[in-house]
Amino acid sequence: REALQDGRLQGQHIPKGTFVCLHMMGTNMDEKYFANATAFQPDRWTNADDWYQSSTMIPFSEGPRRCPGEKFATASIKVIAVLLLLNWEWEEVPGQGEWDVVYVDFPQLPKREFKFTNRS
């Protein structure tokens, strides 16, 4: 990106015309935002409304030059969901109470247990 006007970033003067690059991996892996950032912990997103800031996780970048793999990843998730729905009967394990949907930047469903039976 190119700075369209003079500005300041963390106390540094950024003159108009300066090329600026966001280091997304630095933000995505910052221990200030993500405890134990290099560990694979999918459960960290379970209670994301307690700590998540939308500007701290930028896996596909932003703007017109964002990662073309984002659409592939989204399509892959949809295909997997369809295959799960087509090939398995889903039955919620009883006694788990009401569903509470929490919205931060995206809907978060509470942990639920399901019983799966193969349709074939």
Side-chain angles (χ1 to χ4, degrees):
R1 305 282 194 253
E2 183 178 345
L4 300 177
Q5 60 190 30
D6 286 355
R8 295 193 82 69
L9 179 62
Q10 295 184 342
Q12 284 292 119
H13 174 69
I14 309 292
K16 178 181 177 179
T18 301
F19 286 98
V20 180
C21 181
L22 173 64
H23 181 51
M24 290 172 292
M25 185 61 90
T27 303
N28 292 348
M29 303 301 276
D30 192 331
E31 296 279 338
K32 180 169 77 175
Y33 303 113
F34 302 101
N36 208 6
T38 59
F40 178 71
Q41 295 175 321
D43 282 351
R44 79 173 75 230
W45 300 102
T46 303
N47 295 314
D49 56 324
D50 295 339
W51 60 268
Y52 177 73
Q53 298 172 24
S54 62
S55 62
T56 59
M57 183 61 169
I58 315 168
F60 295 104
S61 184
E62 287 293 331
R65 293 190 183 104
R66 71 187 310 144
C67 178
E70 179 180 21
K71 292 196 184 300
F72 177 73
T74 304
S76 297
I77 290 169
K78 290 176 182 177
V79 167
I80 290 168
V82 167
L83 290 173
L84 288 171
L85 291 170
L86 286 174
N87 294 304
W88 296 87
E89 291 284 340
W90 297 50
E91 181 182 341
E92 186 177 3
V93 174
Q96 298 184 72
E98 295 294 316
W99 284 72
D100 291 324
V101 179
V102 177
Y103 286 90
V104 181
D105 288 334
F106 49 89
Q108 297 177 19
L109 298 175
K111 286 187 180 180
R112 307 300 280 192
E113 292 185 27
F114 291 89
K115 182 175 117 180
F116 299 96
T117 308
N118 195 322
R119 291 182 191 261
S120 56

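Side chains included, hydrogens not; waters and symmetry mates left out as well; all remaining heavy atoms used.
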If you draw a 6.0 Å radius around CD in E31, do more than 12 non-hydrogen atoms from other residues or ligands fall strictly inside?
->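 Yes, CD of E31 has more than 12 neighbouring heavy atoms, counting only those of other groups under 6.0 Å.
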Take atom CD of E2 as the centre, draw a 6.0 Å sphere, and report whether it contains more than 12 heavy atoms from other residues, nucleotides or ligands.
->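 More than 12 within 6.0 Å, yes.
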Measure across D30 and K32 and return the closest heavy-atom pair with its distance rounded to 0.1 Å.
->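 Looks like OD1-N, 2.8 Å.
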Atom CZ in R119, atom CD in E89: separation rounded to 0.5 Å?
->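 Answer for the CZ-CD pair, R119 versus E89, is 4.0 Å.
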Can you name the salt bridge (charged side-chain N to carboxylate O under 4.0 Å, His left out) partners of R8, sequence neighbours left out?
->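 R8 satisfies salt bridge (charged side-chain N to carboxylate O under 4.0 Å, His left out) with no other residue.
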Holding to side-chain contact (heavy atoms from CB on, under 4.5 Å), I want the full list of residues that pass it with [X], two or more places apart in sequence or in another chain.
| X | value |
| --- | --- |
| P15 | D6, H13, T18 |
| L84 | I80, W88, W90 |
| K71 | none |

Please identify each residue that fulfils side-chain hydrogen bond (donor to acceptor under 3.5 Å, both in side chains) with N36, with sequence neighbours left out.
->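 Once residues adjacent in sequence are excluded, N36 has no partner under the side-chain hydrogen bond (donor to acceptor under 3.5 Å, both in side chains) criterion.
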Have a look at V79 and tell me which of I77, V82, L83 forms a side chain to side chain contact (heavy atoms under 4.5 Å, CB included) with it.
->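 Exactly one pass, corresponding to L83.
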Check the pair E113 / Q96 against side-chain contact (heavy atoms from CB on, under 4.5 Å), numbers first and verdict last.
-> CA-CA 8 Å; E113 292 185 27; Q96 298 184 72; 3.9 Å; yes
With ILVMFWY side chains joined below 4.5 Å, transitively, what does L9's cluster contain besides itself?
->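 L9 shares its hydrophobic cluster with I14, V20.
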